[in-house]
Amino acid sequence: MGEKSANITAKQLAARFKWLQRFDDPELDEIAMCSTDERLEEGQEYFDISHPERGIIRGETGGQVPAGACYVARKLLSPRAWSKLTTQLH
C-alpha cells in the first residue's frame, strides 16, 4: 500500500469496523492513528482498532506499529475516549 496509517481517519475506519459506529463524529475526530512503522514508546499504551480483541498493547523498546495495524496511543486521547475505545466492545 505504501500509505501511512496516520493518513487514515477514524471516520474512514468506522465504515470498515462497524464497532466504531458507536462513536459520534467529535469522538471519531479525537482518535488519531499512529503512523505505520512508527516507533512505540516503552511503557506507553496503545490500542489496535483493526484488532480490538488483542486488548491494550504496551509499547516495548524497539517496537513499532506493524504494517496494516491501526494503533491509537492512549496519551493522545481523553480518559473518556480511551475508556470507550477499550471497553464495552460487545
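Please read all numbers here as calculations on a predicted model, not as lab measurements. Note: hydrogens, waters and symmetry copies are ignored here, and every other heavy atom, side chains too, is used.
Side chain of Ser35 to backbone of Glu38: no donor-acceptor contact under 3.5 angstrom is found. Side-chain atoms of Ser83 do not come within 3.5 Å of backbone N or O of Pro79 as any donor-acceptor pair.
In this structure, Lys75 and Gln44 have side chains that are in contact, with non-hydrogen atoms separated by less than 4.5 Å. The side-chain heavy atoms of Leu20 and Leu85, taken from C-beta on, include a pair separated by under 4.5 Å. Contact annotation: the side chain of Glu27 approaches that of Lys84 to within less than 4.5 Å [non-hydrogen atoms, C-beta and beyond]. Residues Leu77 and Glu30 have side chains in contact (heavy-atom distance under 4.5 Å, counting atoms from C-beta outward). Side-chain contact check for Ile56 versus Trp82: some heavy-atom pair is nearer than 4.5 Å.
Note that CD1 of Ile49 and CD1 of Ile31 are 5.0 Å apart. Values are rounded to the nearest 0.5 Å. Taken from CG in Asp48 to SG in Cys70, the straight-line distance is 6.0 Å, to the nearest 0.5 Å.
Between Tyr46 and Tyr71, the angle of the ring planes lies from 30° to 60°, which puts this pair in the tilted group.
Checked against side-chain hydrogen bond (donor to acceptor under 3.5 Å, both in side chains), Glu45 has the following partners two or more places apart in sequence or in another chain: Arg58, Arg74.
The minimum heavy-atom distance linking Gln21 with Ala14 is given by the pair NE2-O, 3.3 Å. Here the closest heavy-atom approach between residue Gly68 and residue Ser50 is recorded as O-OG, 4.0 Å.
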